[in-house]
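For reference, the structure discussed in these notes is given below.
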Number of protein chains: 2
Amino acid sequence: MELDETDRAILRILQEDARTPFSEIARRIDMSSATVHDRVGRLEDAGVIQGYHAKVDPRKVGYGTSALVGLRVEQGREENALERLREIDGVKEVHLTTGEWDVMLRVYAEDTDALRDLMFDEIAEMEGFARSQTMVILGTDFEDPSLPV
Amino acid sequence: MELDETDRAILRILQEDARTPFSEIARRIDMSSATVHDRVGRLEDAGVIQGYHAKVDPRKVGYGTSALVGLRVEQGREENALERLREIDGVKEVHLTTGEWDVMLRVYAEDTDALRDLMFDEIAEMEGFARSQTMVILGTDFEDPSLPV
DNA sequence: GTTGAAAAAATATTGAG
DNA sequence: CTCAATATTTTTTCAAC
């Protein structure tokens, strides 16, 4: 799908605030709200917009600790490992990477005790696990929900 | 702020789809939409809900490459480095971490050439830069926008 | 805290340029 | 692709329990 400047303007607004009324988007990009409606529908259908999500403060819902985890997986066991990782509560992202680690995880836990349990009881016990390194996130300086479009 | 099961149910729904009409949330949790409206407002005011964001497919807007970057910063230069990182286009997350790296970045770039430029021309040139390691993300197996609440 | 009902506003749809 | 007008739905407010 080809995106023009109007589409990009709409994407910028919806990335910033997904509940901006179409009427206000229309005002801001100087088009009718019917056009905005039409374009947003097409952006959704084309998969450019993958969804709309409320961002919840992890601390306020009991997740005081977050970490990035590098993972080495035994050769030939990759599929089993990935399948298992998807099911583990607290594992929020699973990326396949080049370099020192085969897989990088983003995990959330209640506190450092819970993180230890997650690492020792769940991740280190899974099929195909070789070794891991945990980088505890002491703080997030910057986290932009928007991509520059 | 104390969250009860009703709040959690609302959060689950809005994390999944931030544009679910209050009337439908009300149906699903068996309350009036006025109550949902009231609760969502309180969750926003308390900072539990930090915002609503459209999720855009990076590939569809020209970001074919993503990476996790581990960064070492010279002692005493941390603030300068963090300030600079915030301004660099393509740097989407900046986390302070324990372990091998002081800072972990999540970056997006058009392609591997653009990633090289980002690393060599922007990040390696910034004040306080000591060394870095780039973990190119070959694929994301799993990425859940929701926290289990 | 919750509700139902009314008022205000937004979204979805239609038909036509 | 865009628009104006209309129909439908939702959000918002508020008096009352």
Side-chain angles (χ1 to χ4, degrees), chain A residues 1-63 110 144-149, chain B residues 1-63 110 144-149:
Chain A
M1 182 187 183
E2 203 61 27
L3 300 178
D4 64 16
E5 185 45 43
T6 302
D7 292 323
R8 292 176 191 281
I10 292 171
L11 289 177
R12 282 193 293 271
I13 293 168
L14 288 177
Q15 284 190 109
E16 198 63 38
D17 182 0
R19 305 204 356 173
T20 311
F22 290 180
S23 56
E24 192 192 324
I25 299 175
R27 245 194 319 279
R28 280 161 56 179
I29 67 173
D30 202 40
M31 296 217 165
S32 76
S33 59
T35 299
V36 174
H37 177 262
D38 190 59
R39 293 224 179 204
V40 170
R42 262 179 305 116
L43 289 166
E44 289 170 349
D45 292 343
V48 178
I49 296 175
Q50 296 183 309
Y52 305 94
H53 307 286
K55 190 178 170 196
V56 170
D57 186 340
R59 287 162 192 245
K60 300 255 163 98
V61 295
Y63 294 98
E110 188 185 347
D144 190 347
S146 304
L147 287 169
V149 292
Chain B
M1 181 186 185
E2 203 61 26
L3 300 178
D4 63 15
E5 185 45 43
T6 301
D7 292 323
R8 292 177 190 280
I10 291 171
L11 289 177
R12 282 192 293 272
I13 293 168
L14 288 178
Q15 284 190 110
E16 197 63 40
D17 181 0
R19 303 203 358 173
T20 311
F22 290 180
S23 56
E24 192 192 324
I25 299 176
R27 248 195 316 279
R28 277 157 62 177
I29 68 174
D30 204 38
M31 296 219 166
S32 76
S33 58
T35 299
V36 174
H37 178 260
D38 188 60
R39 293 227 181 202
V40 170
R42 263 181 303 115
L43 289 166
E44 289 170 351
D45 292 343
V48 179
I49 295 174
Q50 296 183 309
Y52 306 93
H53 307 286
K55 188 177 171 197
V56 170
D57 185 340
R59 287 162 191 247
K60 299 256 165 99
V61 295
Y63 295 98
E110 189 186 346
D144 191 348
S146 304
L147 288 168
V149 293

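Letters A, B, ... are given to chains in the order of the sequence lines, protein chains preceding strands, and every chain is numbered from 1.
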Task: Side chain proximity check, A/Lys55 to B/His53, heavy atoms < 4.5 angstrom - done: yes
Task: Donor-acceptor contact below 3.5 Å, side chain A/Tyr63 vs main chain B/Pro148 - done: yes
Task: Spacing of A/Asp4 atom CG relative to D/dC1 atom P, expressed in whole Å - done: 8 Å
Task: Spacing of A/Met31 atom CE and A/Asp38 atom CG [to the nearest 0.5 Å] - done: 11.0 Å
- [ ] Kindly calculate the angle separating the two end axes of the helix from C/dG1-D/dC17 to C/dG17-D/dC1, each obtained from five base pairs, and round it to 10 degrees.
- [x] 30°
Every protein N/O within reach of nucleotides 12-17 of chain C N/O, cut-off under 3.5 Å:
unit_1: C/dA12; atom_1: OP2; unit_2: A/His37; atom_2: NE2; d: 3.1

Task: Residues, nucleotides or ligands: over 12 heavy atoms within 6.0 Å of B/Asp30 CG - done: no
Task: Rounded interatomic separation in angstrom, taking CG from A/Leu3 and P from D/dC1 - done: 11 Å
Open item on the list: Just to verify, which of B/Leu11, B/Ile29, B/Asp4, B/Ile25 counts as forming a side-chain contact (heavy atoms from CB on, under 4.5 Å) with B/Arg39?
Closed with: B/Asp4
Task: Over 12 non-hydrogen atoms of neighbours within 6.0 angstrom of CZ in B/Arg8 - done: yes
Open item on the list: Nearest whole Å is fine: how far is D/dT9 C1' from B/Ile25 CD1?
Closed with: 15 Å
TODO: First locate atom CD1 of A/Ile49, then atom CZ of A/Arg42, and finally report the distance between them rounded to the nearest 0.5 Å.
DONE: 11.0 Å
- [ ] Take atom CZ of B/Arg27 and atom P of C/dG4, then tell me their distance rounded to the nearest Å.
- [x] 14 Å
Open item on the list: Can you measure A/Asp17 atom CG to C/dA10 atom C1' for me and round it to whole angstrom units?
Closed with: 14 Å
TODO: Could you tell me whether A/Arg19 and A/Glu24 make a salt bridge, using a distance below 4.0 angstrom between a side-chain N and a carboxylate O?
DONE: no
Open item on the list: It should be established whether B/Thr35 places a side-chain nitrogen or oxygen under 4.0 Å from OP1 or OP2 of nucleotide C/dT3.
Closed with: yes
Task: Nearest to side-chain heavy atoms of A/Pro21, which nucleotide of C/dT2, C/dT11, D/dT2 - done: C/dT11
